[in-house]
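To start, the structure under review is shown below, and the notes come after it.
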Amino acid sequence: MTSYKELGLVNTKDLFKKAISGGYAIPAYNFNNMEQMQAIIQACVETKSPVILQVSAGARKYANQNILKNMARGAVEYAHELGYDIPIVLHLDHGDSFEICKDCIETGFSSVMIDGSHLPYDENVALTKKVCEHAHAQKDYVTVEGELGVLAGVEDDVSAEHSHYTQPSEVIDFVNKTKVDSLAISIGTSHGRAKFKPEQCTRDANGILIPPPLRFDILEEIEKQIPGFPIVLHGSSSVPIEYVHIIEKFGGKLSDSVGIPEEQLRKAAKSAVCKINIDSDGRLAMTAMIRKVFMEKPDEFDPRKYLGPARDELKKLYSHKNMNVLGSAGQA
Ligand code: G3H
Ligand code: 13P
Ligand code: ZN
């Protein structure tokens with residue numbers, strides 16, 4: 001058993017309290033490998049932002065949990081070496097069973113998500129409650145994120161054809177019964193790089209897809225039910241069109257890509273939304289740069305020569321998010 005405190009990590013409790021009163025959101029960036037982790041830490045140190053390093057079940061399988069644990073320890077030391085100690089959370093993204101949450105807690109995660117959103121309501125309550133009881137009973141309190149409502153889109157182990165918005169009438173009961181520390185809700189965001197079907201969108205003069213707006217009315221209703229309670233938005237990549245264009249220019253094909261506009265995320269970050277999940281945008285940035293190097297320098301075969309530019313682009317992307325979208329810059 002490794003406690004997250006031994007790794008120099010923190011849970012989300014204080015971070016969320018400050019984010020709600022300060023009107024900003026903490027970035028939750030997914031990572032699977034060293035370059036992503038380095039870019040996240042470089043950007044968050046430079047912009048003085050707290051950060052949630054997020055690991056999906058798929059990432060855990062890909063990278064190995066002990067390696068990830070030591071990467072998180074490395075992230076803490078790296079920030080220190082770069083000259084500024086930012087708060088760093090290691091969080092399980094979309095845990096789908098009590099066992100995976102327990103396992104992560106034993107490996108040094110400071111926060112876990114139990115995603116029972118696909119289950120009938122009472123089963124979601126029972127599973128989330130069980131994880132909370134276990135996580136909160138640890139010597140060092142581990143925070144738990146639950147989810148109510150279903151996002152459309154596909155992730156490794158979670159997929160849904162249609163979204164179901166969170167029902168504001170359920171949130172008080174869910175929070176009281178489970179004792180979760182934060183709640184992921186569904187107000188129209190969705191996972192992946194093609195968040196809406198073209199027929200759900202309009203188009204601007206250049207033919208670029210414009211998505212339907214987020215349901216801020218549902219968010220407001222939820223905030224009325226549980227004032228000041230930490231709310232989480234998944235599926236919050238903006239899918240920058242510049243990256244899609246670079247990828248397509250250099251041989252990729254990503255038709256019908258569309259994300260959540262930045263101004264809507266900025267608006268959400270000013271509310272009780274205090275954690276915003278971003279994965280797909282990082283994938284796009286990396287892929288764009290790697291494809292560019294492959295096409296422009298066909299004789300290049302040193303991985304550092306394409307992973308290096310990908311890392312630099314990722315850092316730019318994360319800094320931009322912290323400064324201009326989430327408002328977390330300067331809050332560490
Ligand atoms: O929403 C979750 C992330 O995008 C994780 O994706 O399961 O493919 O690692 P993954
Ligand atoms: P995106 O696919 O929009 O980046 O969402 C990531 C996410 O919600 C991770 O849990
Ligand atoms: Zn998610």
Side-chain angles (χ1 to χ4, degrees), residues 12 25-33 36-37 39-40 51-65 67-68 71 89-97 100-101 104 109 111-118 144-160 163-164 166 182-196 209 211 214 231-241 243-244 254 256-262 264-265 268-269 273-288 314 317-318 320-322 325-326:
T12 58
I26 313 285
Y29 298 131
N30 289 71
F31 83 113
N32 302 266
N33 64 39
Q36 290 168 324
M37 183 276 274
I40 294 168
V51 70
I52 298 171
L53 288 174
Q54 197 157 256
V55 170
S56 68
R60 224 167 143 251
K61 266 185 243 154
Y62 176 80
N64 177 282
Q65 57 172 350
I67 292 180
L68 287 168
M71 281 173 77
V89 174
L90 180 63
H91 176 77
L92 169 67
D93 191 25
H94 293 285
D96 65 350
S97 67
I100 191 174
C101 293
C104 285
F109 282 58
S111 178
V112 293
M113 176 188 192
I114 178 69
D115 181 356
S117 61
H118 52 288
V144 180
E145 175 183 324
E147 179 164 340
L148 264 183
V150 179
L151 271 68
V154 180
E155 306 154 64
D156 248 15
D157 296 318
V158 186
S159 82
S163 65
H164 304 285
T166 305
S182 59
L183 183 66
I185 61 166
S186 171
I187 56 165
T189 60
S190 133
H191 289 110
R193 58 117 199 133
K195 298 192 181 298
F196 306 95
L209 290 173
L214 296 183
I231 301 294
V232 176
L233 281 191
H234 282 248
S236 296
S237 279
S238 295
V239 188
I241 198 71
Y243 292 144
V244 174
L254 297 178
D256 300 335
S257 295
V258 57
I260 309 297
E262 290 186 345
Q264 292 187 38
L265 296 169
V273 169
C274 58
K275 171 174 180 273
I276 291 190
N277 286 12
I278 295 168
D279 186 4
S280 298
D281 284 356
R283 297 178 180 196
L284 291 166
M286 275 197 107
T287 302
L314 272 180
L317 170 80
Y318 295 136
H320 165 72
K321 301 262 184 206
N322 296 350
V325 184
L326 310 188

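Keep in mind that this is a model prediction, so the values were computed, not measured. Counting convention: from 1, in listed order, for ligands and their atoms alike.
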Subject >> Polar proximity ligand 2 side, Asp281 side, N/O cut 3.5 Å exclusive >> reply: no
**OP:** Heavy-atom distances under 4.0 Å are what count here, so tell me which part of Arg193 touches ligand 2: side chain, backbone, both or neither.
**Re:** neither
Original post:
Parallel, tilted or perpendicular for Tyr318 and Tyr29, by the 30°/60° rule?
Top reply: tilted
Subject >> Tyr243 OH to Leu254 CG distance, which is reported to the nearest 0.5 Å >> reply: 14.0 Å
Original post:
Which atom, counting only N, O or S, brings His94 closest to the Zn ion (ligand 3)?
Top reply: NE2
Subject >> Qualifying residue for side-chain contact (heavy atoms from CB on, under 4.5 Å) with His234, from Asn277, Ile185, Ile278 >> reply: Asn277
Subject >> Numbered atoms and elements of ligand 2 in range of Ser280, under 4.0 angstrom, heavy atoms >> reply: 1 (P), 2 (O), 4 (O)
**OP:** Compare every heavy atom of Met37 with every heavy atom of Met71, then report the nearest pair and how far apart it is.
**Re:** O-CE, 3.7 Å
Original post:
Is the shortest distance from a heavy atom of Met113 to ligand 2 less than 4.0 Å?
Top reply: no
Subject >> Taking every non-hydrogen atom, the tightest pair across Leu90 and Val55 >> reply: CD1-CG2, 4.0 Å
Original post:
What do you reckon, does Ser56 have a nitrogen or oxygen under 3.5 Å from a nitrogen or oxygen of ligand 1?
Top reply: yes
Original post:
Of His91, Gln54, Lys275, which is the lone residue that meets side-chain contact (heavy atoms from CB on, under 4.5 Å) with Ser111?
Top reply: His91
**OP:** Calculate, to the nearest 0.5 Å, the distance between atoms CD and CG belonging to Gln65 and Leu92 respectively.
**Re:** 10.5 Å
Original post:
Roughly, to 10 degrees, what angle do His234 atom ND1 and His191 atom NE2 form around the Zn ion (ligand 3)?
Top reply: 120°
Original post:
For ligand 1, which atoms, with element, lie under 4.0 Å from some heavy atom of Asn30?
Top reply: 3 (C), 5 (C)
Subject >> ligand 2-proximal atoms of Ser236, by part, heavy-atom distance under 4.0 Å >> reply: backbone
Subject >> Atoms of ligand 1 close to Asp93 [distance to a heavy atom under 4.0 angstrom, numbered from 1] >> reply: 1 (O), 2 (C), 3 (C)
Original post:
Going by distance only, is there an N or O of Asn32 that falls short of 3.5 Å from an N or O of ligand 1?
Top reply: no
**OP:** Check Asn30 against ligand 2 and report side chain, backbone, both or neither, counting heavy atoms closer than 4.0 Å.
**Re:** side chain
Original post:
Of all heavy-atom pairs between Ser237 and Asp279, which one has the smallest distance, and what is that distance?
Top reply: OG-N, 3.7 Å
**OP:** State, with a plain yes or no, whether a side-chain heavy atom of Phe196 is found less than 4.5 Å away from one of Ile260.
**Re:** yes
Original post:
Do you know which two heavy atoms are closest between Ala39 and Leu314, and how far apart they sit?
Top reply: CB-CB, 3.5 Å
Original post:
Where on Asn277 is there a heavy atom closer than 4.0 Å to ligand 1, on the side chain, on the backbone, on both, or on neither?
Top reply: neither
**OP:** Counting heavy atoms only, name the option from Leu151, Asp279, Ile278, Val55 that's nearest to atom 5 (C) of ligand 1.
**Re:** Asp279
Original post:
So which bit of Asp279 gets within less than 4.0 Å of ligand 2, heavy atoms only: side chain, backbone, both or neither?
Top reply: both
Subject >> Contact check, Arg283 vs ligand 2, heavy-atom distance below 4.0 Å >> reply: no
Original post:
For atom 6 (O) of ligand 1, which candidate among His234, Arg283, Met113, Lys61 provides the closest heavy atom?
Top reply: Arg283
Original post:
In terms of atom number and element, which parts of ligand 1 are under 4.0 angstrom from non-hydrogen atoms of His94?
Top reply: 1 (O), 2 (C)
